[in-house]
Structure formats: C-alpha cells, structure tokens
Amino acid sequence: MTGLPAWLGWMTRRRAREVSLRALRAGDAEALARIHAQSFRLGWDAAEFERLIANRLTRGLVATDGPGGAPVGFILLSGVTPEMEILSIAVDRRRRGSGIGLKLVQAAFGSLAAEGYRAVFLEVEDGNAPALRLYARTGFREIGRRPGYYRDSAGMPVAALTMRRDIA
Ligand SMILES: CC(C)(COP(=O)(O)OP(=O)(O)OC[C@H]1O[C@@H](n2cnc3c(N)ncnc32)[C@H](O)[C@@H]1OP(=O)(O)O)[C@@H](O)C(=O)NCCC(=O)NCCS
C-alpha cells in the first residue's frame, strides 16, 4: 500500500491553513446544528443552539473556510471562574483529521488563565478515539467515569469519561 498522493497531502495541509477562527455569534445556530447532527446521535437543533448562544455564560469559537466563509467546526464552552466546561466540539465530517479540532481547543484556551480560570472540564463517550486523542494532546486527564451514561448505536451502555485540564 502506498502513501497518500502528494497532491492530497498538499490539499489537506492547505485546508487546515486556510481555516479562520472567529467568535460565536447569533446567526450561527443553523450551521452549528448541521455540524452537530453529523457528529452525535442526539443532535441539538437550531433552537437549542440559539438558546445556548443567547446564554451569557456561553462562549465559543467557530472555524470557517477562510475569513467570512462557511462554518466547518465549532467549540462551545460555559463556565464561571474558576471553572470552565467544554459543552461541545465538532468538526464537519469532511474536514476532520486536518488540525481544525486542535486549533479550536488551543485558541479557546488562549485567554482563560488571564481571565482567572483555573480548570476546564468535559465529558466524552468512552471509545471516542478521535476525541480522546484530541483531549490527550491538549492536556486533559481522566478524573471520573460514569458507567452506562450513553447508549451506542446498538443501544448498548457506554461509559462517560469526565476529564479535567488545569490551566497554568
Ligand atoms: C473530535 C473532533 C472534534 C476532532 O477534530 P479534528 O479536526 O478531526 O481533530 P484534529 O485533526 O485537530 O486532530 C486532533 C488529534 O486527534 C487525532 N485524530 C483525529 N482524527 C482521528 C481519528 N479518526 N482516530 C484517531 N485519532 C484521530 C489526530 O491525529 C490528532 O492527534 P495528534 O496530533 O496527536 O496526531 C472530530 O473528530 C469530531 O467532530 N468528532 C465528532 C464530534 C465529537 O466526537 N466531539 C467530541 C465529543 S466530546
């Protein structure tokens, strides 16, 4: 088996580079609901995103195809100092594996220490390899496990892992 064709590797790197980040805004609800629906068995609809975006404790970043382009990923957080929580992160399924998730997490954490946050928490389904890899890469460690918290596509119980990252 040969590696990826050179042009495909080039396209992938180019795509990651051309992604821009901006703050979440009110008009994002529909686009975020679309990406969420591709990513989770229980998708949040646009009304749910509108409610979240309107909540003053919610903040988020949207990755777009270049400045002003269509959303290709997002991260939503909520918290009160000193603790922040990642509510959701998802990348358009056609664009996964090109560094967008990593870029979103790193950028979202950029100003947290200066704002007085000391820890970030999240919950993730056991066995979600891409997410676990992303969180390991960004300094999260498992601090708890809730057996049977989720159901997989066959209806079987799956644990939720609680993870924490301390903010320096
Ligand atoms: C999890 C998710 C946001 C990652 O976004 P992404 O843009 O694909 O991730 P990146 O390209 O930045 O990769 C981040 C890390 O995850 C790894 N990764 C990406 N896709 C992977 C896969 N399919 N299997 C294993 N690891 C994977 C990358 O190799 C990278 O780690 P490394 O730098 O150590 O190699 C994306 O897969 C997604 O939207 N999944 C569905 C929604 C979801 O599960 N969200 C998390 C719920 S808690």
Side-chain angles (χ1 to χ4, degrees), residues 1 3-4 8-24 28-46 48-49 52-53 58-66 69-79 83-110 112 119-154 156-167:
M1 172 120 169
L4 289 176
L8 190 53
W10 178 81
M11 281 291 289
T12 303
R13 287 192 298 277
R14 180 171 163 269
R15 280 178 159 196
R17 266 208 314 278
E18 287 181 356
V19 165
S20 303
L21 298 186
R22 62 163 172 76
L24 179 70
D28 288 326
E30 291 277 354
L32 270 46
R34 258 196 312 276
I35 297 170
H36 197 277
Q38 302 173 351
S39 307
F40 300 98
R41 281 187 295 281
L42 291 176
W44 299 346
D45 63 12
E48 179 69 11
F49 274 98
L52 280 168
I53 295 170
T58 306
R59 62 167 75 191
L61 291 173
V62 176
T64 59
D65 249 334
V72 293
F74 67 87
I75 183 167
L76 278 187
L77 304 105
S78 174
E83 294 183 350
M84 183 62 88
E85 183 186 356
I86 298 182
L87 296 177
S88 188
I89 176 169
V91 171
D92 184 312
R93 67 170 165 235
R94 293 162 300 186
R95 306 295 295 275
R96 291 181 193 157
S98 63
I100 298 173
L102 184 62
K103 199 168 172 169
L104 282 164
V105 174
Q106 287 173 338
F109 286 10
L112 292 184
V120 182
F121 295 86
L122 62 83
E123 223 157 35
V124 57
E125 193 173 307
D126 196 7
N128 183 345
L132 290 171
R133 177 93 192 149
L134 172 63
Y135 298 142
R137 179 96 147 80
T138 50
F140 283 89
R141 66 192 160 82
E142 183 182 328
I143 56 162
R145 178 176 288 258
R146 305 168 83 179
Y149 187 77
Y150 299 112
R151 298 269 150 188
D152 68 13
S153 49
M156 297 304 286
V158 183
L161 309 185
T162 306
M163 305 188 88
R164 172 186 178 124
R165 174 184 150 165
D166 293 316
I167 303 287

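Starting from 1, each residue takes its place in the sequence as its number. Numbering of ligands and ligand atoms starts at 1, following listing order.
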Discussion item. Quick test: of every protein heavy atom, which one is nearest to atom 7 (O) of ligand 1, and how far off is it to 0.1 Å?
Written reply: Gly101 N, 2.8 Å
Discussion item. With a 3.5 Å distance limit and no angle check, can you tell me whether Thr64 reaches the backbone of Pro71 through a side-chain donor-acceptor pair?
Written reply: no
Worksheet item: Is any side-chain heavy atom of Leu61 less than 4.5 Å from a side-chain heavy atom of Leu24?
Response: no
Worksheet item: Can you list the ligand 1 atoms lying under 4.0 Å from a non-hydrogen atom of Ala90?
Response: 39 (O)
Discussion item. In the structure I gave you, are the side-chain heavy atoms of Leu132 and Leu161 within less than 4.5 Å of one another anywhere?
Written reply: yes
Worksheet item: Does Asn128 approach ligand 1 within less than 4.0 angstrom via side chain, backbone, both or neither, non-hydrogen atoms only?
Response: side chain
Worksheet item: Has ligand 1 got any nitrogen or oxygen that is less than 3.5 angstrom from a nitrogen or oxygen of Arg95?
Response: no
Worksheet entry | Winner among Pro130, Ser88, Ala160 once heavy atoms are compared against atom 27 (C) of ligand 1 | Pro130
Worksheet item: Does any N/O atom on Ile89 come nearer than 3.5 Å to any N/O atom on ligand 1?
Response: yes
Item to complete: Return yes when Glu123 approaches ligand 1 closer than 4.0 angstrom through a heavy atom, no otherwise.
Response: yes
Worksheet item: Any donor and acceptor pair, going by atom type alone, linking the side chain of Lys103 with main-chain N or O of Val19 inside 3.5 Å?
Response: yes
Discussion item. With a 4.5 Å cut-off on side-chain heavy atoms, are Ile86 and Ile75 touching?
Written reply: yes
Item to complete: Compare Leu87, Ile35, Val91, Leu132 and give the one whose heavy atom is closest to atom 5 (O) of ligand 1.
Response: Val91
Discussion item. Please state which option from Val105, Leu134, Leu161, Ile75 has its nearest heavy atom closest to atom 2 (C) of ligand 1.
Written reply: Leu134
Practice prompt. Determine, considering heavy atoms only, which of Arg133, Arg137, Gln38 sits nearest to atom 16 (O) of ligand 1.
Written response: Arg133
Discussion item. Taking 4.0 angstrom as the limit and counting only heavy atoms of Val124, give me the atoms of ligand 1 inside it, by number and element.
Written reply: 48 (S)
Worksheet item: Any salt bridge between Glu142 and Arg164, counting N to O under 4.0 Å?
Response: no
Worksheet item: Do any N or O atoms from the side chain of Asp152 and from the backbone of Met156 form a donor-acceptor pair under 3.5 angstrom?
Response: yes
Worksheet item: Do Ile35 and Val91 come close enough that some side-chain heavy atom pair is under 4.5 Å?
Response: no
Fill in: His36 (side chain) donor-acceptor with Gly43 (main chain) under 3.5 angstrom
no
Item to complete: Please tell me if the side chains of Arg141 and Ile143 come closer than 4.5 Å, counting only heavy atoms from C-beta onward.
Response: yes
Item to complete: Report the part of Tyr135 (side chain from C-beta onward, or backbone N, CA, C, O) that has a heavy atom under 4.0 Å from ligand 1; answer both or neither where that applies.
Response: side chain
Worksheet item: Between the candidates Gly73, Ala131, Gly99, Ser98, which shows the shortest non-hydrogen contact distance to atom 1 (C) of ligand 1?
Response: Ala131
Practice prompt. Using a strict cut-off of 4.0 Å, indicate which atoms of ligand 1 neighbour a heavy atom of Gly97.
Written response: 6 (P), 7 (O), 8 (O), 11 (O)
Practice prompt. Identify, by atom number and element, the atoms of ligand 1 in contact range of Leu102, meaning under 4.0 Å from any of its heavy atoms.
Written response: 12 (O)
Response to the item:
In ligand 1, the atoms that come under 4.0 Å of a heavy atom of Ile100 are 7 (O), 12 (O)
Worksheet entry | Heavy-atom protein contact below 4.0 Å for atom 13 (O) of ligand 1 | no
Item to complete: Look at the rings of Phe49 and Phe74 and say which category their plane angle falls in: under 30° parallel, 30 to 60° tilted, over 60° perpendicular.
Response: perpendicular
Worksheet item: For atom 43 (C) of ligand 1, what's the nearest protein heavy atom and its distance?
Response: Phe40 CZ, 3.6 Å
Practice prompt. Please report which non-hydrogen protein atom sits nearest to atom 37 (O) of ligand 1, along with the residue it belongs to and the distance in Å to one decimal place.
Written response: Arg96 CD, 3.5 Å
Discussion item. Testing Arg94, Arg95, Arg96 one by one against Asp92 for a salt bridge (Lys or Arg N to Asp or Glu O under 4.0 Å), which residue passes?
Written reply: Arg94
